[in-house]
Amino acid sequence: MTPEPENRETLTITDNRNGKSYEVPIENGTIKAPDLRKIKTGPEDFGIMTYDPAYMNTASCKSTITFIDGDKGILEYRGYPIAELAEKTSFLETAWLILNGELPTKEQYKAWVDEITVHTMVHENITSVLQSFRYDAHPMAMLASSVAALSTFYPEAKQVHDPEVRRMQIVRLIAKTPTLAAFAYRHSIGFPFAYPDNDLSFAGNFLQMMYRTAEPKYTPNPILEKALDVLFILHADHEQNCSTSAMRAVGSSEVDPYCAASAAVSALYGPLHGGANEAVLRMLKGIGSKDHVPAFVKDVKESGGDVKLMGFGHRVYKNYDPRAKILKQMADQVFGVTGRNPLLDIALELERIALEDDYFIKRKLYPNVDFYSGLIYQAMKFPVDMFPVLFAIGRMAGWLAQWNEMIQDKDQKIARPRQVYLGYRDRSFVPFDRRG
Ligand code: CMC
């Protein structure tokens with residue numbers, strides 16, 4: 001008869017090299033990797049480590065910011081479902097929530113919006129930094145450089161253990177990122193920079209800095225302004241993704257948040273992270289028409305993984321990405337203003353066929369946030385190079401909340417993973433004339 005389990009929150013590990021058993025505590029469904037170090041074959045043995053490239057099954061921190069249940073398709077910021085936040089809050093309200101843990105009171109919200117609004121301007125010398133880039137410089141590389149350059153204007157930002165200093169840099173980074181982003185775009189088209197207009201909302205001002213030409217006052221279209229605000233909310237945080245992990249790892253050296261955020265922007269620049277919506281557009285253009293969709297889906301299935309249905313699948317979501325659902329509904333409102341993006345019909349047909357197909361059902365491949373965001377950005381006349389930049393504007397709130405949490409977390413130290421060394425040891429030096 002099998003003995004009754006003892007119901008203890010521990011894990012017993014038997015080392016079959018010597019038959020010894022060890023008991024390690026389980027806390028929040030995890031064991032602490034350093035607890036494995038006591039599993040050794042002798043005093044010289046370093047002890048067992050875990051090997052986990054790409055952190056497939058390693059929690060690098062405790063966090064109270066963002067919850068994702070990938071199987072059920074749930075995303076919550078501080079416990080509030082993303083759909084409700086997208087419908088009922090503004091981006092700055094959500095940014096406050098992410099940063100502070102609670103929704104702001106009316107007074108807190110007003111003070112926060114005022115504070116962000118008065119910090120949208122950048123030091124004039126930053127414009128010389130941006131002007132020095134070549135006309136065809138990618139705006140994401142310009143953003144990474146100019147965010148790092150901000151560090152030189154605020155040397156007090158190094159005092160990362162001072163809560164008021166941290167708060168001030170958080171305000172500056174959220175307020176100034178759209179300005180740097182829009183300036184990078186204006187440089188690429190040879191237009192003079194459009195300075196912030198403090199009468200406009202966060203998203204409205206960004207549209208103004210992007211698109212104002214000769215008119216003395218730019219009035220954003222309210223539907224597009226709202227849509228952009230929602231896009232910022234949807235991108236505001238996504239727990240320990242590649243760029244957030246970069247922010248935390250670089251920030252763990254106690255460098256100032258401008259340099260850490262610049263590293264996060266760089267991580268987001270990569271095509272596997274912030275660039276997939278551009279790939280979706282290229283794919284839809286390549287398919288060309290609704291009638292070609294079945295043949296494309298067949299190619300994907302027969303390619304053995306070489307041809308991907310871009311904007312489908314996710315490392316964490318094994319269900320419909322809740323952000324994609326919101327964007328699909330929002331697309332109609334945006335297209336009501338901009339005219340219908342002709343690629344939408346191809347996208348809808350692709351989604352319809354894929355969701356009925358065994359290949360995609362079996363692998364739990366559903367549309368992710370990038371499937372519809374590119375179509376909306378394109379309809380709003382954002383050039384493709386700006387797509388990851390738009391992502392960075394929203395995600396800055398999440399990066400900073402995660403950085404702030406990390407700095408105050410007593411469990412955290414400078415990020416310093418171990419390695420499994422498989423190279424040579426103890427070799428004798430060989431001079432040039434004896435090297436083959
Ligand atoms: N189209 C066709 N087949 C796919 C796709 C796809 N988009 N994604 C995964 N598969 C297949 C894959 O070939 C594999 O099949 P098999 O089991 O026969 O080998 C199976 O599904 C499992 O895929 P995986 O590569 O092990 O999954 P992953 O978790 O490593 O990859 C992903 C996740 C997002 C990189 C991948 O789904 C992908 O490349 N999707 C397309 C690119 C994309 O849309 N990226 C945006 C992600 S959301 C933005 C963000 O949050 O940063």
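As the structure lists them, so they are numbered: ligands from 1, and atoms in each ligand from 1.
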Sidechain N-carboxylate O distance under 4.0 Å for [X], [Y]:
X    : Y    : result
K62  : D409 : no
E27  : K32  : yes
E156 : R172 : yes

Give the residues near ligand 1 by chain and number, with the criterion being a heavy-atom distance under 4.0 Å.
H273, A276, V300, G305, K308, L309, M310, G311, F312, G313, H314, R315, R323, Y359, R363, L365, N368, D370
Decide if the gap between the ring center of [X] and the ring center of [Y] is smaller than 6.0 angstrom.
X    : Y    : result
F371 : F312 : yes
H138 : F133 : no
Y154 : Y258 : yes

